[in-house]
**Q** 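I'd like to ask you about the structure that follows.
In this text the structure is predicted, and so the values were computed from the model without any measurement.
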Amino acid sequence: MNKQELKIGIFEVIDISKIKPSEYNRDIDDNHVIKQGESLSELGWASALTVDNQYNLMDGHHKYNWCLKNKQNKVPVYRMWWLDNLSGKEVLSVILKLNAKTLNWKPEMLLSRYGKLDNDYLLADEAQRYYGVKNMPPSTLIYAFFNKASSTVKFREGRCKIVNFKFAHKILNELSRLRNEYGNSMVQGSPMREIARQSHICYKKNVSLFDFLIDEYEDMLKSNHPYTNNIKELRKYLDKKIKRNAKE
């Protein structure tokens, strides 16, 4: 069996003005910029900035920002010449594959960046900004809109589609109301995500089951039920309640 012949890029030292930072990269973390600068000052260039054939920056945005701030005019790059004239989604895909391991992309970052390229992600991102990350955990919002976990490959590759826009907002409005009334300590992130997941199950069976689900969860909150923030037991408890109600 022949070994696969891997492409090898071109190492160059170029003027920093030639590099085009990507609008699709995650937000710059100032602390990470400082750490990259400390590493550069101590060790020099152990790894070059990675660019495509048009010098669009694929990996090394924090090093690039440190160099800009410190007026480093010449920088080494590794040009992946086979990445040529990429679409926006292709650029983001490459960026994620190259640098996601060095600084994890949070779900809200993915919503924001894919929102520049995909209308479904844009609508979800707008909702995230409306409800706020503190009031509505991104994982809950993603379940409400896409019925997918934020860790799934399909979501992280920008391939999810909104299941039901109006129903997603109905889920989020109810959960936001409950959190405002009972507080973050009572209505925690994991149970909110579970309610969003269960909501889609209810909607498929019978729309009225969703109202039953919310009422049942609120009754648990009112009575300070021991399963309220025990995700495993909460799932079993609600499954039984929903199945019983669906038969009646």
**Q** When you measure from the side chain of His62 to the backbone of Asn31, do you find a donor-acceptor pair of N or O atoms at a distance under 3.5 Å?
**A**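 Here the side-chain-to-backbone pair does not exist.
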**Q** Could you walk me through whether Asp239 and Gln198 pass the side chain to side chain donor-acceptor pair (under 3.5 Å) test, one step at a time?
**A** CA-CA 8 Å; Asp239 276 341; Gln198 293 268 9; 3.1 Å; yes
**Q** Using atom types as modelled and distance alone, determine if a side-chain donor or acceptor of Lys89 lies under 3.5 Å from a backbone N or O of Gly158.
**A**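 Confirmed, Lys89 side chain pairs with Gly158 backbone.
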**Q** Does the side chain of Leu221 come within less than 4.5 Å of Val187's, by heavy atoms?
**A**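 SC-SC contact between Val187 and Leu221 confirmed.
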**Q** I'd like to know if the side chain of Trp66 and the backbone of His32 have a donor-acceptor N/O pair within less than 3.5 Å.
**A**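 Absent.
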**Q** Which distance, rounded to the nearest 0.5 Å, do you find between the CE of Met220 and the NZ of Lys241?
**A**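 Answer rounded to 0.5 Å: 9.0 Å.
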**Q** Let me check something: do Tyr130 and Leu141 share a hydrophobic cluster, defined by ILVMFWY side-chain heavy atoms less than 4.5 Å apart, either directly or through other members?
**A**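 Same cluster.
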**Q** Could you state the interatomic distance from CD (Glu108) to CZ (Arg129), rounded to the nearest 0.5 Å?
**A**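 The distance works out to 12.5 Å.
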**Q** Taking NZ in Lys204 as the centre, count heavy atoms belonging to other residues, nucleotides or ligands within less than 6.0 Å. Is the count above 12?
**A**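 Incorrect, the count does not exceed 12.
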**Q** Do Ser41 side-chain atoms and Glu38 backbone N/O form a donor-acceptor pair below 3.5 Å?
**A**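 Not a single qualifying donor-acceptor pair exists.
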**Q** Can Leu175 be reached from Ile201 by stepping across I, L, V, M, F, W or Y side chains whose heavy atoms are under 4.5 Å apart?
**A**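 Per the 4.5 Å side-chain linkage, Ile201 and Leu175 are not co-clustered.
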**Q** Starting from the C-alpha separation in whole Å, work towards a yes-or-no answer on side chain to side chain donor-acceptor pair (under 3.5 Å) for Arg79 and Asn53.
**A** CA-CA 6 Å; Arg79 178 159 58 90; Asn53 207 33; 2.6 Å; yes
**Q** Give the ring-plane orientation class for His169 versus Phe145, where under 30° counts as parallel, over 60° as perpendicular and anything between as tilted.
**A**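 Answer is perpendicular, since the angle exceeds 60°.
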**Q** What is the minimum heavy-atom distance between Gly189 and Arg179, and which atoms define it?
**A**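 So the minimum-distance heavy-atom pair works out to N-NH2, 3.9 Å.
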**Q** Can you tell me how far apart CG (Leu238) and SG (Cys202) are? Round to the nearest 0.5 Å.
**A**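 Rounded to the nearest 0.5 Å, the CG-SG separation comes out at 8.5 Å.
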**Q** Within the side chain of Gln128, is there an N or O that forms a donor-acceptor pair under 3.5 Å with the backbone of Met136?
**A**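 At least one qualifying donor-acceptor pair exists.
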**Q** Just so I know, are the side chains of Asp84 and Asp52 near enough to count as touching, which here means a heavy-atom distance under 4.5 Å?
**A**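 Result no, sub-4.5 Å side-chain heavy-atom pair not found.
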**Q** Evaluate salt bridge (Lys or Arg N to Asp or Glu O under 4.0 Å) for Glu218 paired with Arg177, printing each intermediate quantity in order.
**A** CA-CA 10 Å; Glu218 186 164 14; Arg177 175 184 68 81; 3.2 Å; yes
**Q** Out of Arg235, Lys236, Lys232, which residue meets the salt bridge (Lys or Arg N to Asp or Glu O under 4.0 Å) rule with Glu194?
**A**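 Going through the options one by one, the only one that passes is Arg235.
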**Q** Starting at CG of Asn56, measure out to OG1 of Thr50 and round the result to the nearest 0.5 Å.
**A**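 Output value for this atom pair is 12.5 Å.
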**Q** Please find the pair of heavy atoms, one from Ser22 and one from His61, that lie closest to each other, and give the distance.
**A**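 Scanning both residues completely, I find the closest heavy atoms to be N-NE2, 3.2 Å.
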**Q** Kindly indicate whether the side chain of Ser112, heavy atoms from C-beta on, has any atom under 4.5 Å from the side chain of Tyr121.
**A**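 Ser112 vs Tyr121: side chains apart.
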**Q** Rounded to the nearest 0.5 Å, how far does OG of Ser93 lie from CE of Met58?
**A**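 Here the interatomic distance stands at 10.0 Å.
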**Q** Please check this pair: side chain of Gln54 against backbone of Asn85, looking for a donor-acceptor N/O pair closer than 3.5 Å.
**A**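 Such a contact is found between Gln54 side chain and Asn85 backbone.
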**Q** Whether the side chain of Arg26 engages the backbone of Leu110 through a donor-acceptor N/O pair (distance < 3.5 Å, no angle test) should be reported.
**A**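 No, the answer is negative, given that no donor and acceptor are paired below the 3.5 Å cut-off.
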**Q** Decide yes or no for Ile195 and Thr140: does some side-chain heavy atom of the first lie under 4.5 Å from some side-chain heavy atom of the second?
**A**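 No; the side chains remain at least 4.5 Å from each other.
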**Q** Minimum heavy-atom separation for Lys148 to Cys160, with atom names?
**A**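 Smallest interatomic distance, heavy atoms only, reads CG-SG, 3.7 Å.
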**Q** Answer yes when Asp125 and Lys116 have at least one side-chain N-carboxylate O distance shorter than 4.0 Å, and no when they do not.
**A**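 Judged by the 4.0 Å cut-off on N to carboxylate O distance, Asp125 and Lys116 do not form a salt bridge.
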**Q** When you measure from the centre of the six-membered ring of Tyr55, is the NZ or CZ of Lys18 closer than 6.0 Å and no more than 45° off the axis?
**A**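 Yes, a cation-pi geometry holds between Lys18 and Tyr55.
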**Q** One pair to check against ring pair (Phe, Tyr, Trp, His ring centres under 6.0 Å): Tyr114 and Phe155. What are the steps and the verdict?
**A** CA-CA 10 Å; Tyr114 278 122; Phe155 170 74; 7.6 Å; no
**Q** Verify the cluster assignment for Ile142 and Leu122: are they in a single hydrophobic cluster under the rule of side-chain heavy atoms below 4.5 Å apart?
**A**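 Each belongs to a different hydrophobic cluster.
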**Q** Rounded at 0.5 Å granularity, tell me how far CD in Glu233 sits from OG1 in Thr228.
**A**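 It is 12.0 Å, given to the nearest 0.5 Å.
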**Q** Begin with the C-alpha distance, continue with both residues' side-chain angles, and end with the deciding distance and a verdict on salt bridge (Lys or Arg N to Asp or Glu O under 4.0 Å) for Asp27 and Arg113.
**A** CA-CA 10 Å; Asp27 295 333; Arg113 294 313 180 261; 2.4 Å; yes
**Q** Go through the steps for Val13 and Val75 under the test side-chain contact (heavy atoms from CB on, under 4.5 Å), then give the verdict.
**A** CA-CA 5 Å; Val13 177; Val75 294; over 6 Å; no
**Q** Report the relative orientation of the aromatic rings in Tyr78 and Phe11; use parallel for angles under 30°, tilted for 30 to 60°, perpendicular for over 60°.
**A**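 Aromatic pair Tyr78/Phe11 classed tilted.
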**Q** Evaluate the side-chain proximity of Leu213 to Ser199: yes if any heavy-atom separation is below 4.5 Å, no if none is.
**A**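 Yes, their side chains come closer than 4.5 Å.
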**Q** Let me check something: do Tyr131 and Val133 share a hydrophobic cluster, defined by ILVMFWY side-chain heavy atoms less than 4.5 Å apart, either directly or through other members?
**A**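 Hydrophobic grouping puts Tyr131 apart from Val133.
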**Q** Side chains of Glu90 and Ser87: donor-acceptor distance under 3.5 Å anywhere?
**A**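 Yes - a donor-acceptor pair under 3.5 Å links their side chains.
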**Q** Working note: Leu117 + Tyr24, criterion side-chain contact (heavy atoms from CB on, under 4.5 Å); need CA distance, chi angles, decisive distance, verdict.
**A** CA-CA 9 Å; Leu117 303 164; Tyr24 305 117; 3.4 Å; yes
**Q** Between Asp120 and Phe146, which heavy-atom pair has the shortest distance, and what is it?
**A**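 Taking Asp120 first and Phe146 second, the nearest heavy atoms are O-CZ, 3.9 Å.
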**Q** What is the minimum heavy-atom distance between Ser151 and Arg156, and which atoms define it?
**A**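 Between these two residues, the closest heavy atoms are O-CD, 3.8 Å.
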**Q** If we count only N and O atoms by modelled type, under 3.5 Å, do the side chains of Ser39 and Lys63 hold a donor and an acceptor together?
**A**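 On atom types as modelled, these side chains do not qualify, holding no pair under 3.5 Å.
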**Q** Taking it one step at a time, do His200 and Tyr143 satisfy ring pair (Phe, Tyr, Trp, His ring centres under 6.0 Å)?
**A** CA-CA 9 Å; His200 284 284; Tyr143 256 109; 8.0 Å; no
**Q** Looking only at atom types and distance, does a side-chain atom of Gln188 sit under 3.5 Å from a main-chain N or O of Ser185, one as donor and one as acceptor?
**A**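 Yes, because the side chain of Gln188 sits within donor-acceptor range (under 3.5 Å) of the backbone of Ser185.
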**Q** Can you confirm whether more than 12 heavy atoms, excluding those of Leu43, are under 6.0 Å from its CG atom?
**A**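 Enclosed: over 12 neighbouring heavy atoms sit under 6.0 Å from CG of Leu43.
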**Q** Closest approach of Leu57 and Ile95, non-hydrogen atoms and distance?
**A**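 It is O-CD1, 4.3 Å.
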**Q** According to the interplanar angle, ranging from 0 to 90°, do the rings of Phe167 and Tyr203 count as parallel (below 30°), tilted (30 to 60°) or perpendicular (above 60°)?
**A**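 Phe167 and Tyr203: tilted rings.
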**Q** Going through the distances and angles, do Asp118 and Lys161 end up as a salt bridge (Lys or Arg N to Asp or Glu O under 4.0 Å)?
**A** CA-CA 9 Å; Asp118 183 282; Lys161 293 297 175 186; 3.1 Å; yes
**Q** Honestly curious: do Val51 and Ile10 fall in one hydrophobic cluster under the side-chain, below-4.5 Å linking rule?
**A**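 No, Val51 does not connect to Ile10 through the hydrophobic network.
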**Q** Sub-3.5 Å donor-acceptor pair from the side chain of Asn184 to the main-chain atoms of Asn135, do we have one?
**A**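 The answer is no, because no donor-acceptor pair under 3.5 Å joins these two groups.
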